[in-house]
Amino acid sequence: MFKKILIANRGEIACRVIKTARKMGIATVAVYSDADRGALHVKLADEAVHIGPSPAAQSYLVIDRIMEAVRATGAEAVHPGYGFLSENRAFAAALEAAGVVFIGPPSKAIEAMGDKITSKKIAMAAGVSTVPGYMGLIADADEAVRIAGEVGYPVMIKASAGGGGKGMRIAWTEAEAREGFQSSKNEAAASFGDDRIFIEKFVTQPRHIEIQVLADSHGNCLYLHERECSIQRRNQKVIEEAPSPFLDEATRKAMGEQACALARAVGYTSAGTVEFIVDGNRNFYFLEMNTRLQVEHPVTELITGIDLVEQMIRVAHAEPLSFRQEDLKINGWAIESRLYAEDPYRNFLPSIGRLTRYRPPAEGPTATGIVRNDTGVFEGGEISMFYDPMIAKLCTWAPTRAAAIDEMRLALDTFEVEGIGHNLPFVGAVMDHPRFQAGTITTAFIAEEYPDGFQGAVLPGPLVLRVAAAAAAMNRVAEIRRTRISGTMDNHRRRVGDDWVVTLQAETFRVTVEADAEGSDVVFADGTRLRVASDWEPGRPLARLIVGGEALAIKTSKIPMGFRMRLRGADLKVLVQSERQHQLSGLMLQKAPPDTSKFLLCPMPGLVVKIAVSDGEEVQEGQPLATVEAMKMENILKAERRGVVKAVRVEAGASLKVDDVILEFE
Amino acid sequence: MADILQELETRRAAARAGGGERRVAAQHAKGKLTARERVELLLDDGSFEEFDLFVAHRAVDFGMAADRPAGDGVVTGWGTINGRMVYVFSQDFTVFGGSLSETHAQKICKIMDMAIQNGAPVIGINDSGGARIQEGVASLAGYAEVFQRNVLASGVVPQISLIMGPCAGGAVYSPAMTDFIFMVKDSSCMFVTGPDVVKTVTNEQVTAEELGGASTHTRRSSVADGAYENDVEALAETRRLFDFLPLHNRQKAPVRPFFDAPDRVEMSLDTLIPANPNQPYDMKELILKIADESDFFEIQKDFAGNIVTGFLRIEGQTVGVVANQPMVLAGCLDIDSSRKAARFVRFCDAFEVPILTLVDVPGFLPGVAQEYGGVIKHGAKLLFAYGEATVPKVTVITRKAYGGAYDVMSSKHLRGDFNYAWPTAEIAVMGAKGAVEILYRSELGDGQKIAARVKDYEARFANPFVAAERGFIDEVIMPHSTRRRVARAFASLRGKRQENPWKKHDNIPL
């Protein structure tokens, strides 16, 4: 086996590879840019080599710098992770030329599959079912519009070298095709250094289901079943699961066999993924093959018990696979939630900054399943603007899908992340969504179910009652502590009452808290009685409770006369007041929030790439006003209504914070 | 007998009705509570003991003799907040617009005298149209009697003012002399002269809210220490503040049970200071991570953000914190921040509240406006306040401590008890670049030479060890152990006794 390998990546995937290497007794070398000097993968690795400035194009994407690090450390093999150089043929070739093993497929296979147009042709030849589209390269926006018209709208405009949603746009009109072509091209150039674009038919109501394959250099090729990744936002996966709630045994087998046929056709070795679009009738079409480890590989590991990174290393070391297709059974159900530094309340715009608090749930077996968290960050670490905004991949496993969802709900509720905006509440809300629970999902799930964005989940009635009971019991404990202050009048101390009025989600409950040594019974006006047991103490940010027999975890902080409580995707203001406080609160005026509609505010920290309008210009609804780049994504800010620009306040090139004013309307 | 007892209830009910249903409804329509409702929410249930319920004015001019409501427009008495005693007055806008008469003032004076004598704070709820014009000079005399007691009570018992309606003219000077002023957004205002007079005299057009609303006084004038959305919230938060304050100047700061280990380690603090010395970070994160249960009551949050002041608890005991905030103006000291912090430090010292100082200060803000504005004397206020303070003083330098500002920020030389520094601290006369430009003026043309000099200077002075060698820093501590070190420092200082030379009073540069 190898003695030392280098991981040409960063973040959670570098950490994840290091873990398996360590388990196998292989020494590890990390590489890092300026921004990653104190990153987790650098701390975990046995050695670390600095490879350049923060922008990936000057560090993680520079083949020469990686090659230097390989030479300097004497690493025998390189694991590329995903993204960066993982599917770069030149990199694989450079390693081959230097006699260093690439832990991945042969460079020829990368080349064949790396180009979406070529890969589709090969797939067709290998008997794999494919989607209609235009296979040639497109020169300019005019040609893009013409081709889009021929293929028929809607169309998908994609960077040939793309992946992960970058350099990808869906266009429903000519105007969108024109704009999408340009921004895809720009993003592709910035992210991959390759601005070739192609167009294909966009299949509506599709599910995204992919097959994990694993091939060795001895002619064995197996499929490790499917992953369903239909919960996507802007073509970026958010929640994945294995197996798919949609496939039947026959379809699974057909897809698996076609995936293996394609792998064989290109002489594939190592782990790879063949992505399909599946329609409502279980017709499946080949999308692309990812010649690398996928972000969402942990769900496959959880249902098969196979460590994919270990298998990649063994295959790279020319070992034959030690198991056969019939050994690969589906055991239970696994779900992955991608935790992104994206603010769901601001249309998922990137949020960067310091993780002032980061406390993931404990990993390992639980009473009812397994929790796994792949992460590359730590409390006190920085989410930088230079890279992908992923914080962690939280996975749960349980014997059934419903149990895996339950496991995920509790894991999400105990996951504490503060300091930056993140999508925990959104993922929590999806877990509670009836359509997700039923498994009747498509890649349009988020767009259809959250058409106006995400404003926080609304808790269902029975849960509201439980939260109210929890708040009342917790408030009583906090109030009693307040009376234990020094300097009180002897014999005239405050007696904390048992009757409280709890208000949340615009509902009001009058409750009586009957406390005893072990906890308290919270009795509602209608006679409902909920037992609350908890070891919560005032000031603790995470309250774990059993309320009416159900386990709850609530992120809690103090607000005047109550608590801010976060759980299941909801962010609640829970007031616990005395009857008199409640009564008098009713006399307070409801104040309207300040009007910011006269300004275009920067929705995320980032760089102004372009200001598309000038002072005095009249703009139409939907007209692009400015482009702000953050996390390598170009975000076009559009006019929400007709108006006249009064003054542009910033210039292109300006670096802005959230809510900085870009321009003002009349 | 029953009739006689009933008579009391009848009279009480009449007095408690204040200005009557119509005026109470008008008060409510403005989103304001009545004087009694406010007292009810401020104090523990059933703890209020009222004085002078039946006091009525003695004025006879302008037909006043015919209208003599019991209580005379102010509710006074005492009660408890979480079991601790407090004196309260609450002006009743429904009775003569809460205007201050001779007898109204006497009621306030009575409870203030008792507060000073018995050692309990005073909370004044202000909602008054001003002087009772019908009484003329008697009313003015009443104000002055209250002012005199504000002065005598200052430094003896904490005084808190809640502005929950208008507070204009001479009336503003009573709250002005109390320790803390809190306002209610959109329904309170304070000014010496109102918009009408301003218009007449200076021809400036301004609304009452612009001239003296909560936003003006919390952000611009710094007259107020905080503002709340409405009466109910303001009263609840006043209860919260009260729990941080001692009852009087002979008592130590209060202690209450806490649920947070004094030796809690915060590894994340090791990465709080950014690699780039010019990059800001949020000092509030450090404050929250030092505090018990991350509970912090900030004073003057919206004013002079380059310094943060407020109360927290360590091992259950109140500590006042003063911290430079690198997020605003790089955390420098200037006129506003010096004034803000000086007043806070003096409050803490007056009331035996230990002071924690967190330092990251690049110096005093340069500029014509600062010098013309008298930054010399204003900066001296903070220096003076720290220098005279005899309460336990613990200081942690996280990063920059440059020049005179280093001296000011509770340095060892100002009788700091514990002066800690993080390894990232830079204690020097100035930043390396500035120092080199003065020391090596002749080499300024040679960029390379200067760069080397800067590097040398940094190596020599951009660390805490030069100061530690001289004992100006007691110990260089790991950021992650800050809470434990600070907690132990304060624990060791519980018996601290220190006295300044006898004096009638000092002469702080006001």
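Values reported hereafter were calculated over all heavy atoms of this structure, with side chains retained and with hydrogens, waters and symmetry mates removed. Chain A is the first sequence line, chain B the second, and so forth, proteins listed ahead of strands; every chain is numbered from 1. Note that the coordinates shown come from a computational prediction; the quantities given were computed from them, not determined experimentally.
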Exercise for the section: Could you tell me whether the side chains of B:Ser268 and B:Lys289 share a donor-acceptor contact shorter than 3.5 Å? Expected result: yes
Practice task
Against chain A, label B:Ala29 side chain, backbone, both or neither, depending on which of its atoms sit under 4.5 Å from a heavy atom there.
Solution key: backbone
Handout entry: Contact origin within B:Asp243 toward chain A - heavy atom pairs under 4.5 Å
Key = both
Problem - Side-chain H-bond candidate by donor/acceptor type, A:Asp343 with A:Ser351, under 3.5 Å - result: no
Exercise for the section: Look at B:Asp186, B:Leu247, B:Thr80 and state which one has the largest set of heavy-atom pairs under 4.5 Å with chain A. Expected result: B:Asp186
Fill in the blank from the handout: When the 4.5 angstrom heavy-atom criterion is applied to B:Leu272 and chain A, the contacting part is both
Exercise for the section: Select, from B:Lys252, B:Glu233, B:Glu266, B:Met267, the one with the greatest count of heavy-atom pairs under 4.5 Å involving chain A. Expected result: B:Glu233
Handout entry: Among the listed options A:Arg540, A:His492, A:Arg580, the residue most often paired with chain B at heavy-atom distances under 4.5 Å
Key = A:Arg580
Handout entry: Segment of B:Glu237 engaging chain A (4.5 angstrom heavy-atom cut-off)
Key = side chain
Exercise for the section: For B:Arg264, look at atom CZ and say whether over 12 heavy atoms of other residues, nucleotides or ligands are found less than 6.0 Å away. Expected result: yes
Practice task
State the CZ-CZ distance between B:Phe244 and B:Arg313, to the nearest 0.5 angstrom.
Solution key: 4.0 Å
Problem - chain B contacts, top residue of A:Arg484, A:Glu537, A:Arg481, A:Arg493 (heavy-atom pairs, under 4.5 Å) - result: A:Arg481
Handout entry: B:Lys32 to B:Phe93 six-membered ring, cation-pi geometry met (6.0 Å, 45°)
Key = yes
Practice task
Could you tell me how the ring of B:Trp78 sits relative to the ring of B:Tyr87: parallel (under 30°), tilted (30 to 60°) or perpendicular (over 60°)?
Solution key: tilted
Completion exercise
If one checks every heavy atom of B:Asp295 against chain A at 4.5 Å, the contacting part turns out to be neither
Exercise for the section: Examine whether an atom of A:Phe378 lies under 4.5 Å from a heavy atom of chain B, and if so say whether it belongs to the side chain, the backbone or both; otherwise answer neither. Expected result: side chain
Handout entry: When A:Ile559, A:Leu355, A:Val496, A:Leu584 are compared by non-hydrogen pairs under 4.5 Å with chain B, the top option
Key = A:Leu584
Problem - Mutual orientation of the aromatic rings belonging to A:Phe563 and A:Trp536 [parallel < 30°, tilted 30-60°, perpendicular > 60°] - result: perpendicular
Practice task
Can you tell which part of B:Ser294 gets under 4.5 Å to a heavy atom of chain A, answering side chain, backbone, both or neither?
Solution key: neither
Practice task
Return yes if a side-chain donor-acceptor contact under 3.5 Å exists between A:Thr483 and B:Asn82, otherwise no.
Solution key: no
Exercise for the section: For B:Asp360 and B:Gln325, test the side chains for any donor-to-acceptor distance below 3.5 angstrom and give the result as yes or no. Expected result: no
Exercise for the section: On the 0 to 90° scale, with breaks at 30° and 60°, tag the B:Tyr228-B:Phe182 ring pair as parallel, tilted or perpendicular. Expected result: tilted
Problem - Residue, of B:Gly46, B:Ala236, B:Pro257, that accumulates the most heavy atom pairs under 4.5 Å with chain A - result: B:Pro257
Completion exercise
Looking only at B:Glu40, B:Arg240, B:Lys185, the option with the highest number of non-hydrogen pairs under 4.5 Å against chain A is B:Glu40
Handout entry: Options A:Lys591, A:Met561, A:Glu479, A:Arg37, ranked by heavy-atom pairs under 4.5 Å with chain B, top entry
Key = A:Lys591
Completion exercise
If one checks every heavy atom of B:Gln251 against chain A at 4.5 Å, the contacting part turns out to be side chain
Practice task
For the residue pair A:Thr488 and A:Arg494, confirm or rule out a side-chain donor-acceptor distance under 3.5 Å.
Solution key: no
Handout entry: Which portion of B:Gln317 sits near chain A, non-hydrogen atoms under 4.5 angstrom
Key = neither
Fill in the blank from the handout: So, the part of A:Arg482 with a heavy atom under 4.5 Å from chain B: the answer is both
